[in-house]
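Below, chain A is the first sequence line, B the second, and so on; all start at residue 1. Quantities reported herein were computed from a predicted structural model and do not represent experimental measurements.
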Number of protein chains: 2
Amino acid sequence: MNEAYRSGCPINLTLEVLGDRWSLIVIRDIMFGNRRHFRELLQNSEEGIASNILADRLKRLVERGLLSREDDPSHKQKGIYSLTEMSIRLVPIFAEMGAWGRRFMPVSEELSIRAQLLEEGGRPLWEDFMAELRVLHLHAPRDPGKPSVFDRLRAAYLEVVARNAAAPDAAE
Amino acid sequence: MNEAYRSGCPINLTLEVLGDRWSLIVIRDIMFGNRRHFRELLQNSEEGIASNILADRLKRLVERGLLSREDDPSHKQKGIYSLTEMSIRLVPIFAEMGAWGRRFMPVSEELSIRAQLLEEGGRPLWEDFMAELRVLHLHAPRDPGKPSVFDRLRAAYLEVVARNAAAPDAAE
DNA sequence: TAAACTAGTTGCAAAAAGCAAGCAGTTGAA
DNA sequence: TTCAACTGCTTGCTTTTTGCAACTAGTTTA
C-alpha cells in the first residue's frame, strides 16, 4: 500500500496512475458509454478486456480515488461503479487524446464522431459535459435549462451507426 | 510489423501508441528538457529508465513516426533524436495531463512549475510553444519577434531550483 | 426448481519490464 | 601513439504484468 512514485513530475504522476493499456479504457466506457456494472464493462468492451484484468483495474481505480463503488439496491450481487471528481476532470485529457488520435491514427468513423464533437465544442462543451457527469455520478442537482451533452454525443454515434448499416460499403 | 489494433476508437488508438509507462516520459524529456542523445536521456532521467527499455522505446517511437533519428555530424556514434509534427502535437495532451497531475497528485514544486505556466498560458501559449518546437526539431524558420517559451519554462524551473537550494527546508 | 445471470477467481502461459554487466567503436587528452 | 573515458546500444537473467480459458459461489427469474 506504500506507493513510492518515480518522481514528483505531474506528467509522470499522471502516467503512473493512468499509463497502462486499460485504465483509461475502463474510465472511457463508464464516462461515454455509461456502463456502470462489471458485466456491462466486460461484455460491451470494444477492445475485449479480460475479466481478471477488468476486476483488477476496477479495484485499483477505486483504491486510487478515480472510481467509487456502491451496492446496487436492485440486485444483491451487483455493484455500481461511478466516476469521481478526479475522473470527471479527465474530460479535457480525453478530448485532447481523441483529437490527436483522429488526426494521426486510423480511426473508424463510428467511434470517432464523439471525439469530433468534443473537439469542435471546445472547452465550453467540456465544462457542460463535466457538469452533466456530476449529475449522473455524483448526485449533483440537474440544471433544468441545459440540453444533455451526453445524449447529443450518443445520438450522433447512433446516427453514424445507422447510416453505415444502411450503406455498409462506406463504413470506416 | 503488421499492427492489428484493438479498435478504431481514437482514445484507444492513442493509448495503443502512447499508453505505457515510458513512451511519454521519453517524449517529455526531449520536448521540455531538449535531451537529444541516448546518454542524455538515460543519465538525466528523473525516473531512472533502464538502457534496454530506452533503446526499445526510441526504436518504437521512430518506427511509429513520433520521433526521427539522424546521425550527429560531430560524432560518428551519436544519433540525434528529434520530435516530429506528430509528437509536437502532443503538447495539449501534456498540458492537460500536467494540469490534472497538479490538481490531484502529490507533485513537487520544482517539477510542476512548467506545468503551471503551461496551464496558465492556455492554448495560445501552447501554440507558441509548438511553433518553437518546430524551429528546434523540424528546421522551421524562426519567428524573430517571438520570445522563447522554451527558455521561459526553463528559466522558471531553474529559479525554483535555486530558491529551494537556498532554503532547502521548504523543498517538497 | 432449474436455467441463466451476477461479480468476480484461479491456474497457467506469454509478454513486458527491470537490473546489472558487457561490448565494439569513437574521441580526446597525454 | 596509446589509453581512459565516452558513444549507443546488447545480453542474460529475474520479476512483474498481461492474457486466456475455465470455474465458482451466490442471486434472480421463469
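Across the interface with DNA chain D, nearest-nucleotide mapping of A:D56 and B:K59 shows B:K59 to be the residue nearer the 5′ end. Residue whose closest nucleotide on DNA chain C sits further toward the 5' end, between A:R6 and A:A55: A:A55.
Partners of A:A156 by side chain to side chain contact (heavy atoms under 4.5 Å, CB included), not counting sequence neighbours, listed by chain and number: A:I113, A:L117. Annotation: side chain to side chain contact (heavy atoms under 4.5 Å, CB included) contacts of B:R123 (sequence neighbours excluded): A:E96, A:R123, A:W126, B:P92, B:W126, B:E127. For B:Y157, the ring pair (Phe, Tyr, Trp, His ring centres under 6.0 Å) test picks out no residue, with sequence neighbours left out. In this structure, A:F38 has no ring pair (Phe, Tyr, Trp, His ring centres under 6.0 Å) partners at least two apart in sequence or on a different chain. For A:N12, the side chain to side chain donor-acceptor pair (under 3.5 Å) partners at least two apart in sequence or on another chain are A:R6, A:S7, A:E16. For B:S82, the side chain to side chain contact (heavy atoms under 4.5 Å, CB included) partners at least two apart in sequence or on another chain are B:R36, B:S68, B:E70, B:I80, B:H137. Judged as a salt bridge (Lys or Arg N to Asp or Glu O under 4.0 Å), and not counting sequence neighbours, B:R39 has no contacts.
In terms of phosphate contacts, B:R69 brings a side-chain nitrogen or oxygen within less than 4.0 Å of OP1 or OP2 of D:dC9. Residue A:W22 has a polar side-chain atom (N or O) positioned under 4.0 Å from OP1 or OP2 of D:dG19.
In this structure, the CD atom of B:Q43 is 14 Å from the P atom of D:dC9, given to the nearest Å. One atom, CG of B:L42, and another, P of C:dA21, lie 15 Å apart when rounded to the nearest Å. In this structure, B:R60 atom CZ and C:dA15 atom P are separated by 14 Å, rounded to whole Å. Between the C1' atom of D:dT16 and the CZ atom of A:R21 lies a distance of 16 Å, rounded to the nearest Å. At whole-Å resolution of the value, CD in B:E47 and P in C:dG18 are 11 Å apart. Across the protein-nucleic acid pair, A:L54 atom CG and C:dT9 atom C1' stand 13 Å apart, rounded to whole Å. If you take CD1 of A:I53 and P of C:dA15, they are 14 Å apart, rounded to a whole angstrom. When rounded to the nearest whole Å, the span between CD1 of A:I49 and P of C:dG8 equals 13 Å.
At most 12 heavy atoms of other shown residues, nucleotides or ligands fall within 6.0 angstrom of atom CZ in A:R152.
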Nucleic acid footprint by protein, nucleotides 20-30 of chain D - heavy-atom cut-off 4.0 Å, B for base, S for sugar-phosphate alone = B-B--BBSS--
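Near DNA chain D, defined here as any heavy-atom distance below 4.0 Å, there are no residues from residues 26-38 of chain A.
Between the side chain of A:S87 and the backbone N or O of A:L66, at least one donor-acceptor pair lies under 3.5 Å.
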